[in-house]
Amino acid sequence: MARKKIGLYNEELVNGSTHQLILEIADETIVCIAKSDLTGEINAFELFSLDMSEKDDWNDVFYEIKTSSSIFNNGYKKVTCYFNNVEAIMVPEKLLTATSAEDYLNLVFGENIRNEVKYEKPIATQLFINAYRVKKAIIELLGRQFVIFQTAHTYSNLLNDVMQRPSVEQQFIKLQFYAHHFIIAVWKDEQFQLIQSYRYVSSEDVLYYLLRIVQQYQFDLSDLSLEISGMIELESNIYIQLAKIFSRIKMDSLPSIGVFKNAEKDYPAHYFSPFYKLAL
């Protein structure tokens with residue numbers, strides 16, 4: 001089942017001839033973003049929460065989104081779909097061959113004939129290829145809905161965002177929160193080390209994964225910069241516990257522009273930042 005949890009809209013009419021559609025599909029959410037080709041602003045944003053039982057399939061999910069979305073069915077000429085899932089690995093480009101990406105993914109996540117393998121090179125790094133796989137059923141549904149669409153992975157967007165900055169701190173961790181999982185990306189001595197997703201239920205889960213990485217890379221907590229964005233409240237137990245351990249925390253906040261101006265009273269400035277950056 002797909003339920004619309006958030007809907008933000010400007011007065012400007014959204015249609016496929018003047019807007020492009022950006023989707024992000026995760027296990028627990030689907031996000032729809034309509035971006036104006038004329039102004040570059042985001043004029044509509046929708047977040048759907050997914051509650052899929054064993055009887056549900058992706059046909060049901062797409063049907064419910066098509067029924068309740070105000071922007072999904074507008075005949076866009078340009079559509080980009082980001083996949084925000086755990087089944088992705090960064091492969092050194094020199095080790096990538098026609099079949100090696102699938103072999104590496106099978107080795108890490110197990111074989112799955114119902115998945116399709118894709119790969120892309122993040123703009124910001126010349127050394128790695130992001131190899132990932134997605135359910136064939138989703139690709140087929142996207143093909144029925146849209147004449148042409150491009151695919152990408154959320155990891156690549158996060159890496160491009162951080163690594164295209166003028167500089168990265170010597171010890172730097174990026175945390176990007178979603179409804180039931182978070183992405184962690186790690187840099188040490190300005191060199192990229194790791195990007196991975198973890199599911200969580202409590203603050204203890206987040207602290208466990210994070211402190212394990214701190215220990216693994218022998219970070220000095222007094223010099224470690226922690227940047228946080230996404231679906232986390234500053235009053236939440238997770239943030240309170242993080243603030244007790246990490247002295248250098250920065251919130252990656254969204255500028256007050258476009259449709260997100262309408263949400264300033266209800267959501268903190270960092271809440272929509274990961275989604276906004278998908279459309280940059």
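Here the structure is a predicted model, which is why all the values come from computation and not from measurement.
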Side chains of Glu204 and Ser202: donor-acceptor distance under 3.5 Å anywhere? yes
Would you say Ser203 and Gln241 are linked by a side-chain donor-acceptor pair, where the criterion is simply a distance under 3.5 Å? no
Treating Ile, Leu, Val, Met, Phe, Trp and Tyr as nodes and any side-chain heavy-atom pair under 4.5 angstrom as an edge, say whether Tyr178 and Leu234 lie in one connected cluster. no
Under 3.5 Å side-chain donor-acceptor pair for Ser197 and Tyr155: yes
For residues His19 and Asp37, is any side-chain donor paired with an opposing acceptor at under 3.5 Å? no
Does a donor on one side chain sit under 3.5 Å from an acceptor on the other, for Thr154 and Glu24? yes
Between the main-chain N or O of Ser222 and the side-chain N or O of Asp220, is there a donor-acceptor pair closer than 3.5 Å? yes
Does Leu38, at its CG atom, have more than 12 non-hydrogen atoms belonging to other residues, nucleotides or ligands within less than 6.0 Å? yes
Answer with yes or no whether the side chains of Arg3 and Ser49 bring together a donor and an acceptor at under 3.5 Å. no
Looking at every non-hydrogen atom in both residues, tell me the closest pair between Leu210 and Ile184 and how far apart they are. CD1-CD1, 3.5 Å
If only side-chain N and O atoms count, and only distance matters, is there a donor-acceptor pair under 3.5 Å linking Glu102 with Tyr104? no
Check the hydrophobic clustering (I, L, V, M, F, W, Y; side-chain heavy atoms under 4.5 Å; chains of links allowed) and say if Phe128 and Leu159 are grouped together. yes
Matching residue for Tyr267 among Tyr276, Phe45, Phe272, Phe275 - test: ring pair (Phe, Tyr, Trp, His ring centres under 6.0 Å): Phe272
Counting heavy atoms not belonging to Lys78, are there more than 12 under 6.0 Å from its NZ? no
For residues Asp223 and Gln170, is any side-chain donor paired with an opposing acceptor at under 3.5 Å? no
Are Tyr119 and Tyr132 near enough that their ring centres are under 6.0 Å apart? no
Minimal non-hydrogen separation, Pro268 against Ile232, with atom names: CG-O, 4.3 Å
Over 12 foreign heavy atoms within 6.0 Å of NZ, Lys277: yes
Kindly determine whether Glu11 and Lys261 satisfy salt bridge (charged side-chain N to carboxylate O under 4.0 Å, His left out), including the steps that lead there. CA-CA 13 Å; Glu11 295 181 358; Lys261 288 182 180 179; over 6 Å; no
Considering residues, nucleotides and ligands other than Tyr198, do more than 12 of their heavy atoms fall under 6.0 Å from its OH? yes
Whether the Ser100 and Asp103 side chains hold a donor-acceptor pair (N or O, under 3.5 Å, no angle test) is what I'd like checked. no
Looking only at the side chains, is there a donor atom on one of Tyr9 and Glu46 sitting less than 3.5 Å from an acceptor on the other? yes
Decide whether Glu120 and His153 meet the rule of one side-chain donor and one side-chain acceptor closer than 3.5 Å. no
Of all the heavy-atom pairs spanning Gly40 and Lys35, show the shortest one and how long it is. O-CE, 3.4 Å
Does the separation of the ring centres of Phe72 and Phe146 fall below 6.0 angstrom? yes
Arg165, CZ: over 12 other non-hydrogen atoms inside 6.0 angstrom: yes
